[in-house]
There are 2 protein chains.
Amino acid sequence: MSNIASGNTIAAVAALIGDPARANMLSALMGGQALTAGELARHAGVTAQTTSGHLARMADAELVVPQKQGRHRYYRLASPEVARVIEALSVLAAEGPKRHHPVGPRDEALRRARTCYDHIAGRLGLALADSMQECGHIVLADGAGIITSAGTRFLAETGINLDSSPSKRPLCRTCLDWSERRPHLAGRLGAALLTRLLDLKWIARTPDSRALRITKAGESGLAQTFGIPHDWHSRP
Amino acid sequence: MSNIASGNTIAAVAALIGDPARANMLSALMGGQALTAGELARHAGVTAQTTSGHLARMADAELVVPQKQGRHRYYRLASPEVARVIEALSVLAAEGPKRHHPVGPRDEALRRARTCYDHIAGRLGLALADSMQECGHIVLADGAGIITSAGTRFLAETGINLDSSPSKRPLCRTCLDWSERRPHLAGRLGAALLTRLLDLKWIARTPDSRALRITKAGESGLAQTFGIPHDWHSRP
DNA sequence: GCGACATTTCGGCCAATGCCGAAACATGGG
DNA sequence: CCCATGTTTCGGCATTGGCCGAAATGTCGC
């Protein structure tokens, strides 16, 4: 008889994620931004009371953390580890029983560029990863990457800062892309890249969605720095 | 309003894992071996009828796959992706609300060496990873590794075969060790290493447990090939 | 302080589902 | 062929837990 305790505790966490309303809230939080209880209620499709209960339980289990701000209460994912669980579950859910998502216009925006917790996913995410790899700035292999010395210089020149970090988080890992089935950059590098591109206003968040919009400045900047051609936008 | 469908399907998978009985069965299957319905019932602590229902549902969702053999019915995890979900959940469950596992003798055996789905975990897993890294056979970084050319030679000499594989599985990733909180080798390399060491009879599976036993031959072999000292056994 | 808004607490309803006993299929061995 | 063993199906019981309406608490702007 193997250790029941561990089975039980993973069951407790999984059960928490295993409710459609809570799963929808967590999926929404995968966008990386903190959301208010009300917004989460809308995402989940249940009333505010119900949502409150769900959030309390998830906060108790340390899946999310609340943050008071005025009369709102913001919630965000408690840690990258939580994001990894959701990510792993998404992969499984996507493969499983043959499920063909009809591709709507909203989907199209998400496929182009979106946030994935704290980094960039979608075709833009792949393009950035490919570019950095081709230029010899990083070497990718099996779920992680190594930053080369040329890469370190490149990051410094581009204003992407990696040193300010709570130490134990992986520097450069990859994350399997939900829509494209190929890995993009995650980890501290992925997070820093998203932050920098937002700072530069090359990309911008979209209200109420995980989709990212590429700005005019972004088109030039991405072309110049990462060699992403201007006509990339009109391509599949 | 974000995509409810995806939230629902990950909820379905999570809900399946979120039952203590089922979670225990999946944990047991993390040992990497196929187990019979009866054995799984014992692991889960429920009757055979109940187990049968659980297994049917998990097979339906493609979390496990059944395999008929005589009057037994063997079940194993359906894919490495399923293992990753369980793994990610374990990390979360271990960190969460401060949970101090009292260390029993059975636990001690597991901490020393055990299987983790299809590769080696515990202190032996770490020692192997450390050894290969120190010898320059692999370079580890953030959740994955790269096999050097010296490493390729080393693996060939040691009889560890990587080429026979269904292609898309990562070659060398790492997996966060539940007991030691440091990464050990997983992916195809980890799997091949486990297989080879079992073939050589340097290590042996333990009935009814994920623990691995190191044989006499193993002590010498590991010392000679991986530089793991003979007194390693008696160390913390 | 007062009204508008965001969130939480309480109470009760209802559906979903995990569990087991009993019995029905399978399968292999004598 | 029949019995022992492993596994599944069926039926019914009990519990869990998600949901909402109503009302309380907190917080902002005036």
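Below, each value reflects all heavy atoms present in this structure, side chains not excepted, and no hydrogens, waters or symmetry copies.
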For the CG atom of A:Leu92 and the CD1 atom of B:Ile10, what is their distance to the nearest 0.5 Å? 10.5 Å
To the nearest 0.5 angstrom, please state how far the CD1 atom of B:Ile120 sits from the CZ atom of B:Arg114. 11.5 Å
So what does B:Thr51 touch, heavy atoms closer than 4.0 Å: a base, only the sugar-phosphate, or nothing? nothing
Less than 4.0 angstrom from a charged side-chain N to a carboxylate O is my criterion; do A:Arg84 and B:Glu87 meet it? no
Here the pair of heavy atoms bringing B:Thr115 nearest to B:Gly31 is OG1-O, 2.9 Å
Using five pairs at each end of the helix from C:dG1-D:dC30 to C:dG30-D:dC1 to define an axis, what is the angle between those two axes, to 10°? 30°
Return the nearest nucleotide to the side chain of A:Arg71; candidates are C:dT8, C:dC19, C:dA6. C:dA6
Within the 4.0 Å heavy-atom criterion, would you say A:Ala37 contacts the bases, only the backbone, or no part of the nucleic acid? sugar-phosphate
Using a cut-off of 4.0 Å on non-hydrogen atoms, how would the nucleic acid contact of B:Tyr75 be classed: base, sugar-phosphate, or nothing? sugar-phosphate
Could you state the CG-P distance from A:Asp19 to C:dT17, rounded to the nearest angstrom? 11 Å
Return no unless some side-chain N or O of B:His72 is found under 4.0 Å from OP1 or OP2 of C:dG28. no
Which comes earlier along DNA chain D counting from the 5' end, the contact point of A:Gly70 or that of A:Thr47, where each point is its nearest nucleotide? A:Thr47
Boundaries of the chain A footprint along DNA chain D (any atom under 4.0 Å from a heavy atom): D:dG18 to D:dC28
Do B:Arg57 and B:Arg22 make a side-chain contact, defined as non-hydrogen atoms from C-beta onward lying under 4.5 Å apart? yes
Separation of atom CG in A:Leu55 from atom P in C:dA6, rounded to whole Å: 16 Å
5'-most contact on DNA chain D: A:Gln49 or B:Ala48, nearest heavy atom basis? B:Ala48
Quick one: do B:Thr36 and B:Glu39 satisfy side chain to side chain donor-acceptor pair (under 3.5 Å)? Show the steps, please. CA-CA 5 Å; B:Thr36 66; B:Glu39 288 172 309; 3.3 Å; yes
May I ask you to test the A:Ile228-A:Leu124 pair for a side-chain heavy-atom distance under 4.5 Å? yes
When you measure from the side chain of B:Thr50 to the backbone N and O of B:Val46, does any donor-acceptor pair fall under 3.5 Å? no
Between A:Ser52 and C:dT8, is there a contact of a side-chain N or O with OP1 or OP2 at under 4.0 Å? yes
Flag side-chain contact, heavy atom, 4.5 Å: B:Leu155 against B:Leu189: yes
Round to the nearest Å and state the distance from B:Met58 atom CE to C:dG18 atom C1'. 13 Å
